[in-house]
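This report refers to the structure that appears directly beneath it.
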2 protein chains.
Amino acid sequence: MLINELSKRTGVSIATLRYYENYGMFKGVSDEKVRTNNYKHYDELVVEKIEIIKGAKEVGFTLAEIKDLLENWHSEQLSMEKKIAVVNSKINEVDAKIHQLTEVKKLLARCIEDIENGMC
Amino acid sequence: MLINELSKRTGVSIATLRYYENYGMFKGVSDEKVRTNNYKHYDELVVEKIEIIKGAKEVGFTLAEIKDLLENWHSEQLSMEKKIAVVNSKINEVDAKIHQLTEVKKLLARCIEDIENGMC
DNA sequence: AACAACCATATAGTATGGTTCATACTTTAC
DNA sequence: GTAAAGTATGAACCATACTATATGGTTGTT
């Protein structure tokens, strides 16, 4: 698919997609057979990566962190074990964030108590 | 306590604390009795607020969102019911983020599977 | 062929969340 | 009383993550 469709599929603006591609988050490929243009094509894997980017961003990961993850995930250089280690370490970070969120929730629950007790 | 102690208590740099105060996240008070300076004093409530800021930031809330929460929490203008409603809506957002994180976790788990199956 | 709609690249501008710096006054320790 | 450390204010600066704008080529429709 071309960038327009990719944008519609993912809900991410074309400008942002280009920014991401330029940043190195993923890569579209130009059709070798067509020499008249250099339109880039994106496949389902790119869609998946963008879903990861969206989700991870929403919960506070930076593009640099996400890029690092995605890069390792599809690297030819790395052994299967190393790739798995990278992804697993990200899963641990996600767990840490879930823990952090439950802490915030506790603080907010205490806020409610304080309000109910007229303490603020 | 003064800003130096506040910084040490919270682990947030003095510059950032001033930035937060300036942004309206909380307010220190100058001692009325001391007219020679306008050093600002911060109490335990400020420490608590900063803990909320830290936690909420870490999981992707913006300062504007957090400010909104903190402002309502200690507003004299709002009824107890409204305050509780504001905090509860934030708790719902936290739950939504937890859900989002579990989705990301699923995607990452699928990454692992893909890697194990040699699909990338 | 002409016109809209689409694609690519480059550059500049914007918003957020800070950090650094310059200046100046205050307190504390010696 | 003087040097060192702490505090306040304001402005400049910086990184991240976009967003907009300008320019020019391509495709598709009529």
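In what follows, every chain begins at residue 1, and chains take the letters A, B, ... in the order their sequences are listed. Just so we're clear, the structure is a prediction, and the values are computed from it rather than from any experiment.
- For A:R18, no side-chain nitrogen or oxygen approaches OP1 or OP2 of C:dT9 to under 4.0 Å.
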Contact string for nucleotides 14-30 of chain C, one letter per nucleotide 5' to 3', B = base within protein heavy-atom range under 4.0 Å, S = sugar-phosphate only, - = neither, reads ---BBSB-----BS---

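- Remark: A:K83 NZ to B:I115 CD1 distance equals 6.0 Å, nearest 0.5 Å.
- In this structure, A:H41 atom NE2 and C:dA8 atom C1' are separated by 13 Å, rounded to whole Å.
- One interatomic measurement links the two molecules: CD1 of A:I14 to C1' of C:dT9, which rounds to 14 Å at whole-angstrom precision.
- Taking atom CG of A:N22 as the reference point, atom P of D:dT19 lies 15 Å away to the nearest angstrom.
- A side-chain hydrogen bond (donor to acceptor under 3.5 Å, both in side chains) check over residues 90-102 of chain B, counting only residues at least two apart or in different chains, returns the pairs A:K105-B:D95.
- A side-chain hydrogen bond (donor to acceptor under 3.5 Å, both in side chains) check over residues 19-29 of chain B, counting only residues at least two apart or in different chains, returns the pairs B:E21-B:Y42.
- Annotation: side chain to side chain contact (heavy atoms under 4.5 Å, CB included) contacts of A:K82 (sequence neighbours excluded): A:L78, A:S79.
- Put simply, A:K54 has no side-chain N or O that comes within less than 4.0 Å of OP1 or OP2 on D:dA17.
- Evaluation of the salt bridge (charged side-chain N to carboxylate O under 4.0 Å, His left out) test over residues 7-20 of chain A, restricted to residues two or more places apart or in two chains, returns A:R9-A:E44.
- One interatomic measurement links the two molecules: CG of B:L17 to P of D:dT9, which rounds to 14 Å at whole-angstrom precision.
- A sub-4.0 Å separation between OP1 or OP2 of C:dT9 and a side-chain N or O of A:K40 is present.
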Only pairs under 3.5 Å count here: list side-chain donor-acceptor contacts from residues 45-59 of chain A, not counting sequence neighbours, and write none if there are none.
from  : atom 1 : to     : atom 2 : distance (Å)
A:E48 : OE2    : B:R110 : NH2    : 3.2
A:K54 : NZ     : A:T10  : O      : 2.8

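- Note: CG (B:N4) to C1' (D:dA5) measures 9 Å, nearest angstrom.
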